[in-house]
> 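Just passing along the structure, written as structure tokens.
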Amino acid sequence: MSQFTKLFFGFILLILNNKTFSQEQLGLRLGNYAGINGVMLNPTAGVNNPLGWEVNIASMGGFLANDYAFIKNASVSSFLRNLTTLGPAPETQITVPSKPTQFYDFFNRPRDKFVSGSFFVGLPSFQLNLKSGHSVGVFLRQRGAVTTRQIPIIADPYEQKIPLNLRYEIPPFVVTGMTWGELGFNYAYQIGSEEEGGLSIGFNARLLRANQGFFAQNLVGTALTRLTKDSTRLDALNVRGGFTTNFIDEPLSKNGSGFGFDIGAQFVLGSGEFDDRPYLFRLGASLLDIGHVNFSKNTEVHAVKLTEPLKLAAKDYHNLDPTDPQGDVIRRFNQTMYGKGDSTYQGNYFGVGLPTALSVQGDFAFSKNLFVNALIIQRLQMSHFALSRDNIVAITPRFEAQWLSASLPLSILNYRQVQLGLAARLAFLTIGTDNLLSFLGQKRFNGTDFYVALRINAFSLGKLDGSGSLRGGRGRGKNAKCYRF
């Protein structure tokens with residue numbers, strides 16, 4: 001296996017072994033009772049809640065998807081049970097000394113690959129929904145993500161794909177990852193009522209605490225020639241990368257700061273005073289994760305620009321220092337190429353953009369308790385060094401009542417992978433996944449997704465009036481008149 005392949009596959013295994021994986025957690029974000037969790041998809045979601053208040057005690061979730069590597073005939077549980085006996089499938093032509101009982105393999109497709117992984121941990125948060133049409137909330141979260149959309153074909157481990165002494169072009173690509181904390185404030189205002197129809201607008205404003213981050217960019221592409229099984233020649237090299245240096249010893253340390261925000265709007269087609277449905281149709285749109293994180297402490301930025309051919313040998317990078325593997329790679333490279341260990345050093349500051357996206361949501365009410373939601377999320381790449389959100393198209397039918405709900409999201413990830421999910425809420429506990437088959441078993445297990453949330457909320461329907469008491473139910477009885485559709 002090439003050193004490049006080892007690094008990428010090792011990265012995938014690292015995410016899977018983290019055990020706290022986030023796509024969009026559709027069973028947690030959608031629905032009239034989503035509360036503060038729903039504002040992460042559209043900041044106006046708080047005004048949809050028929051309850052006056054909610055406290056999210058804790059939540060967590062994680063997500064991994066890729067079309068680079070997979071585990072054969074596996075599920076989440078079988079993968080974790082047999083992690084120590086994982087080995088390559090015989091057809092990869094990769095040999096290892098042990099005898100594996102679980103096999104990994106690689107997608108053999110003639111296109112660039114993607115890897116996307118993320119997690120979140122939601123800390124105590126709350127939301128208040130007022131009878132006057134105002135909704136406010138405060139949330140605290142820890143997030144992490146790593147993405148690349150352009151793993152070049154050169155990472156394919158099948159040796160016959162890259163014959164010896166054949167020059168191969170590598171296009172430009174970027175890999176970005178970071179972990180960060182968020183302290184956020186949500187505000188939304190509803191003009192009119194759901195029965196009569198109207199407009200809601202809202203925003204989230206977030207202070208960001210930078211923890212750990214990295215980026216690597218191949219600026220203009222290069223050309224590669226395989227000389228032997230373990231050595232390669234690069235015709236030229238123009239790369240740049242940065243990383244935090246204390247991710248092992250102090251993973252939650254503050255290495256910088258930033259600011260982010262979301263904005264959203266929602267139109268409601270009312271159901272009328274005598275219709276049992278809370279509304280007929282809702283159409284929402286939002287811009288998510290607009291913002292930037294600056295890393296200015298415990299950081300290094302390096303750059304390499306070579307115009308002469310460069311020979312790389314895998315043996316030169318064996319047995320890396322486990323306490324500082326990325327630093328060890330850089331020191332060895334500098335020593336080999338320049339005779340000293342810091343020639344590539346460029347500075348101690350870099351920035352990473354949030355995974356910005358445009359989201360459009362449509363929600364239709366069939367009855368008092370039966371709904372179907374249509375969702376589109378399209379990533380917006382705001383800069384080269386920004387996390388890249390996954391594109392999602394999803395249809396989610398759901399049943400919901402005050403103390404019970406269930407949903408069955410069917411989604412297409414990055415216009416390539418079809419996934420079926422399942423989520424349920426019983427009183428204060430929500431559990432779900434957007435990738436159900438990853439728990440039941442797949443012929444090609446290439447990712448997973450799960451989420452769980454525990455909260456408490458008002459026991460009676462109705463929003464808060466100015467005195468803090470509950471009045472009315474599902475907004476009925478409001479005197480405000482607004483747009484009729």
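Here the structure is a predicted model, which means the values were calculated and not measured.
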> What's the verdict on side chain to side chain contact (heavy atoms under 4.5 Å, CB included) for Asp105 and Ile71, showing C-alpha distance, side-chain angles and the deciding distance?
CA-CA 6 Å; Asp105 202 345; Ile71 312 298; over 6 Å; no
> Hey, are Asp390 and Ser116 close enough side-chain-wise for a donor-acceptor pair under 3.5 Å?
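Yes, a side-chain donor-acceptor pair sits under 3.5 Å.
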> State, to 0.1 Å, how close Arg389 and Ala357 come at their nearest heavy-atom pair, and which atoms those are.
CD-CB, 3.2 Å
> Under 3.5 Å, side chain of Ser257 to main-chain N/O of Val293, donor-acceptor pair present?
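Checking the backbone N and O of Val293 against the side chain of Ser257, no donor-acceptor pair under 3.5 Å is found.
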> For residues Val452 and Leu429, determine if any side-chain heavy atom of one lies less than 4.5 Å from a side-chain heavy atom of the other.
yes
> Do Trp53 and Phe459 have ring centroids that are under 6.0 Å from one another?
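Centroid distance Phe459-Trp53: not below 6.0 Å, so no.
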> Do Thr85 and Gln102 have side-chain atoms, one donor and one acceptor, less than 3.5 Å apart?
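Per modelled atom types, Thr85 and Gln102 side chains form no pair under 3.5 Å.
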> Are any side-chain N or O atoms of Thr148 and backbone N or O atoms of Val115, one a donor and one an acceptor, separated by less than 3.5 Å?
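Answer holds: no.
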> Side chains of Val138 and Phe126: closer than 4.5 Å at any heavy-atom pair?
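Sidechains of Phe126 and Val138: in contact.
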> Distance-only, no hydrogens or angles: does the Asn66 side chain make a donor-acceptor pair with backbone N or O of Tyr68 under 3.5 Å?
yes
> How far apart are the closest heavy atoms of Leu413 and Ala65, and which atoms are they?
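Closest pair (atom of Leu413, atom of Ala65, distance): CD2-CB, 3.4 Å.
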> Check whether the ring centres of Phe261 and Phe203 lie less than 6.0 Å apart, and answer yes or no.
no
> If you measure only the distance, is there a donor-acceptor pair under 3.5 Å linking the side chains of Ser407 and Arg398?
no
> Any heavy-atom pair between the side chains of Tyr33 and Arg455 that's under 4.5 Å?
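Arg455 reaches Tyr33 side chain to side chain.
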> Taking the six-membered ring for Trp, are the ring centroids of Phe445 and Phe70 within less than 6.0 Å of each other?
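No, the ring of Phe445 stays outside the 6.0 Å limit from the ring of Phe70, centre to centre.
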> Any salt bridge between Asp289 and Arg206, counting N to O under 4.0 Å?
yes
> Any idea which heavy atoms bring Gly52 and Ala458 closest together, and the distance?
N-CB, 4.2 Å
> Can you tell me how far OG of Ser438 sits from CG of Asp449, rounded to the nearest 0.5 angstrom?
7.0 Å
> Give, for atom CD of Gln212 and atom CD of Glu250, the distance between the pair rounded to the nearest 0.5 Å.
8.5 Å
> Looking at Gln442 and Leu437, what are the two nearest heavy atoms and their distance?
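So the minimum-distance heavy-atom pair works out to CG-O, 3.4 Å.
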> Mind checking the CG-CD1 spacing from Leu287 to Ile263? Nearest 0.5 Å is all I need.
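Rounded to the nearest 0.5 Å, the CG-CD1 separation comes out at 4.5 Å.
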> If we ignore hydrogens and angles and just use 3.5 Å, is the side chain of Asp434 paired with the main-chain N or O of Phe450 as donor and acceptor?
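No, because the side chain of Asp434 does not come within donor-acceptor range (under 3.5 Å) of the backbone of Phe450.
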> Sequence neighbours left out, what passes side chain to side chain donor-acceptor pair (under 3.5 Å) with Asn73? Give chain and number order.
none
> Take Glu182 and Phe139 through the test side chain to side chain contact (heavy atoms under 4.5 Å, CB included) and record every step on the way to the result.
CA-CA 8 Å; Glu182 299 183 342; Phe139 56 88; 4.2 Å; yes
> State, without any angle test, whether Asn37 and Gln25 hold a side-chain donor-acceptor pair at a distance under 3.5 Å.
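Per modelled atom types, Asn37 and Gln25 side chains form no pair under 3.5 Å.
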> Would Thr176 and Val146 satisfy side chain to side chain contact (heavy atoms under 4.5 Å, CB included), going step by step from the backbone distance to the final call?
CA-CA 6 Å; Thr176 311; Val146 61; over 6 Å; no
> Between CG of Asn298 and CG of Asp249, what distance do you get to the nearest 0.5 Å?
10.0 Å
> Asp363 pairs by side chain to side chain donor-acceptor pair (under 3.5 Å) with which of Asn32, Asn373, Thr396?
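With Asp363 as partner, side chain to side chain donor-acceptor pair (under 3.5 Å) holds for just one option, Asn373.
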> Taking Ala386's backbone N and O only, do any of them form a donor-acceptor pair with Gln381's side chain (distance below 3.5 Å, no angle check)?
yes
> Any donor and acceptor pair, going by atom type alone, linking the side chain of Thr344 with main-chain N or O of Ala303 inside 3.5 Å?
no
> To the closest 0.5 Å, what do you measure between OG1 (Thr245) and NZ (Lys297)?
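The OG1 atom of Thr245 sits 10.5 Å away from the NZ atom of Lys297.
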> Could you tell me if Asn204 and Asp262 have a donor-acceptor pair between their side chains, going purely by distance under 3.5 Å?
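The criterion, which ignores hydrogens and geometry beyond distance, is satisfied for Asn204 and Asp262.
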> Going by heavy atoms in the side chains, are Phe120 and Ser59 under 4.5 Å from each other?
yes
> State whether the side chain of Gln127 and the backbone N or O of Gly46 hold a donor-acceptor pair below 3.5 Å, judged by distance alone.
yes
> Going from CD1 on Ile431 to CG on Leu426, what distance comes out if it is rounded to the nearest 0.5 angstrom?
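Result: 9.0 Å between the selected atoms.
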> Would you say that Asn294 contacts Tyr349 through its side chain, given a criterion of any heavy-atom pair below 4.5 Å between the two side chains?
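They are in side-chain contact.
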> What closest approach, in Å, do Ala188 and Val47 show between heavy atoms, and which atom pair accounts for it?
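Taking Ala188 first and Val47 second, the nearest heavy atoms are CB-CG1, 3.8 Å.
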> Would you check if Phe428 and Thr430 make a side-chain contact, meaning some heavy-atom pair closer than 4.5 Å?
no
> Counting distance only, does the side-chain N/O of Ser75 pair as donor-acceptor with the main-chain N or O of Gly441 below 3.5 Å?
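Side chain of Ser75 to backbone of Gly441, a donor-acceptor pair under 3.5 Å: no, none is there.
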> Answer yes or no: is there a side-chain heavy-atom contact under 4.5 Å between Met60 and Arg141?
no
> Can you confirm whether Ile57 sits close enough to Ile456 that some side-chain heavy atom of one is under 4.5 Å from a side-chain heavy atom of the other?
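Touching, per the 4.5 Å side-chain cut-off.
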> Show your working on side chain to side chain contact (heavy atoms under 4.5 Å, CB included) between Asn446 and Phe107 and close with a plain yes or no.
CA-CA 10 Å; Asn446 65 329; Phe107 290 101; 4.0 Å; yes
> Can the ring centroids of Trp180 and Phe295 be said to lie less than 6.0 angstrom from one another?
no
> Side chains of Ser286 and Gln361: any donor to acceptor distance under 3.5 Å?
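Indeed, the side chains of Gln361 and Ser286 share at least one donor-acceptor pair under 3.5 Å.
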> Using distance alone, with no hydrogens and no angle criterion, decide if Thr44 and Ser200 have a side-chain donor and acceptor under 3.5 Å apart.
no
> Does Ser359 reach the main-chain N or O of Ala285 with its side chain, forming a donor-acceptor pair under 3.5 Å?
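Pair absent, no side-chain N/O of Ser359 close to backbone of Ala285.
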> Would the distance check show the side chain of Asn255 and the main-chain N or O of Asn211 forming a donor-acceptor pair, the cut-off being under 3.5 Å?
yes
> Of all heavy-atom pairs between Arg240 and Val301, which one has the smallest distance, and what is that distance?
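The pair with the smallest heavy-atom distance is NH2-CG1, 3.8 Å.
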> Please step through side-chain hydrogen bond (donor to acceptor under 3.5 Å, both in side chains) for the pair Thr448 and Asn435, ending with a clear verdict.
CA-CA 6 Å; Thr448 190; Asn435 187 355; 5.4 Å; no
